[in-house]
Student: 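Have a look at the structure that comes next, please.
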Amino acid sequence: QLQASGGGLVQAGGSLRLSCAASGPTDSYHNMGWFRQAPGKEREFVAVISRTGESTHYADSIKDRFAIYRDNAKSTVYLEMNDLKPEDTAVYYCAASLYGKSWSAVGGYDYWGQGTQVTVSS
């Protein structure tokens with residue numbers, strides 16, 4: 001249902017844009033979010049955007065560096081990542097929620113993409 005792409009290897013200070021393409025219309029989902037999981041750590045919330053795109057929320061660790069936006073016409077959600085740091089290295093997952101509950105929790109999402117690796121070298 002969700003296909004994440006755009007990860008790769010980048011130097012610290014660089015930028016990447018992740019994409020999450022949905023097989024169906026993205027406006028059928030209440031929230032769409034990005035999470036990440038570093039080796040040996042739990043999956044953590046990164047960013048979320050509401051159905052219309054009017055509301056966004058970010059984790060404190062990436063606020064002012066990352067931006068989430070969605071293009072419902074293309075059934076795609078994006079995560080623009082700037083000023084990347086080595087601690088941003090992780091597998092990034094996109095997720096979709098049907099009912100908009102608990103937008104910062106893993107359990108608040110109904111569908112998950114397969115993940116895309118982001119590696120930031122120092």
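Just so we're clear, the structure is a prediction, and the values are computed from it rather than from any experiment. For the single chain, residues carry numbers from 1 onward in sequence order.
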Student: Tell me, with the steps shown, if Asn72 and Tyr29 meet side chain to side chain contact (heavy atoms under 4.5 Å, CB included).
Tutor: CA-CA 10 Å; Asn72 287 338; Tyr29 303 121; over 6 Å; no

Student: Whether the Asn82 and Ser15 side chains hold a donor-acceptor pair (N or O, under 3.5 Å, no angle test) is what I'd like checked.
Tutor: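 On atom types as modelled, these side chains qualify, holding a pair under 3.5 Å.
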
Student: Output, in order, the C-alpha distance, side-chain angles, deciding distance and verdict of side chain to side chain contact (heavy atoms under 4.5 Å, CB included) for Leu18 and Val77.
Tutor: CA-CA 8 Å; Leu18 306 184; Val77 174; over 6 Å; no

Student: Measure from NZ or CZ of Arg43 to the centre of the six-membered ring of Tyr93, then state whether that distance is under 6.0 Å and the direction lies within 45° of the axis.
Tutor: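 Checked: cation-pi criterion met.
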
Student: Between Lys63 and Asp60, does any side-chain N to carboxylate O distance fall below 4.0 Å?
Tutor: yes

Student: Taking the side chain as C-beta and beyond, is there a heavy-atom pair between Met81 and Tyr92 under 4.5 Å?
Tutor: yes

Student: Do Arg36 and Glu44 come within less than 4.5 Å of each other through their side chains, counting heavy atoms only?
Tutor: yes

Student: Are Trp34 and Ile49 grouped together when hydrophobic residues (ILVMFWY) are joined by side-chain heavy atoms under 4.5 angstrom apart?
Tutor: yes

Student: If every non-hydrogen atom of Glu80 is compared with every non-hydrogen atom of Arg17, which pair is closest and at what distance?
Tutor: OE1-CD, 3.3 Å

Student: When Leu16 is tested against each of Val120, Leu84, Thr116 for side chain to side chain contact (heavy atoms under 4.5 Å, CB included), which residue passes?
Tutor: Leu84

Student: State whether a side-chain donor-acceptor pair under 3.5 Å links Gln117 with Thr119.
Tutor: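 A pair is found: one side chain offers a donor N or O, the other an acceptor, under 3.5 Å apart.
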
Student: So which heavy atom on Tyr58 is nearest to which on Ala67, and how close?
Tutor: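 The answer is OH-CA, 3.4 Å.
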
Student: Do the ring planes of Trp103 and His57 sit parallel (below 30°), tilted (30 to 60°) or perpendicular (above 60°)?
Tutor: parallel

Student: Does any non-hydrogen side-chain atom of Leu2 lie less than 4.5 Å from one of Gln114?
Tutor: no

Student: Establish whether Trp112 and Val46 are linked, either directly or via other cluster members, by ILVMFWY side-chain heavy-atom contacts under 4.5 Å.
Tutor: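 Each belongs to a different hydrophobic cluster.
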
Student: Using a 4.5 Å cut-off between side-chain heavy atoms of Ile, Leu, Val, Met, Phe, Trp and Tyr, which other residues end up in the same hydrophobic cluster as Tyr69?
Tutor: Tyr78

Student: Which residue pairs satisfy the salt bridge (Lys or Arg N to Asp or Glu O under 4.0 Å) criterion with at least one member in residues 103-116, sequence neighbours excluded?
Tutor: Lys101-Asp110

Student: Testing the basics here: between Ser97 and Gly108, what is the closest heavy-atom pair and its distance to 0.1 Å?
Tutor: OG-O, 3.2 Å

Student: Taking the side chain as everything from C-beta on, heavy atoms only, tell me whether Met32 gets closer than 4.5 Å to Tyr111.
Tutor: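 Of all side-chain heavy-atom pairs linking Tyr111 with Met32, none is under 4.5 Å.
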
Student: Kindly compute the distance separating SG (Cys20) from CZ (Arg70), expressed to the nearest 0.5 Å.
Tutor: 10.0 Å

Student: Can you check whether Glu87's main-chain N or O pairs, donor with acceptor, with Thr89's side chain at less than 3.5 Å?
Tutor: no

Student: Rounded to the nearest 0.5 Å, what separates atom OG in Ser121 from atom CG in Leu9?
Tutor: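 With rounding to 0.5 Å, OG (Ser121) is 5.0 Å from CG (Leu9).
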
Student: Output, in order, the C-alpha distance, side-chain angles, deciding distance and verdict of ring-ring contact (aromatic ring centres under 6.0 Å, His included) for Phe35 and Phe45.
Tutor: CA-CA 5 Å; Phe35 286 72; Phe45 168 75; 5.8 Å; yes

Student: I want to check something: taking the side chain as every heavy atom from C-beta on, are Arg65 and Asp88 in contact at a cut-off of under 4.5 Å?
Tutor: yes

Student: According to a 4.5 Å side-chain heavy-atom criterion applied to Ile, Leu, Val, Met, Phe, Trp and Tyr, with indirect links allowed, do Val118 and Phe66 form part of one hydrophobic cluster?
Tutor: yes

Student: Shortest non-hydrogen contact from Ala90 to Ala38?
Tutor: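 What the structure gives for the nearest pair is CB-N, 3.8 Å.
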
Student: Please give me the minimum heavy-atom distance between Ala95 and Tyr109, naming the atom from each residue.
Tutor: CB-CD2, 3.5 Å

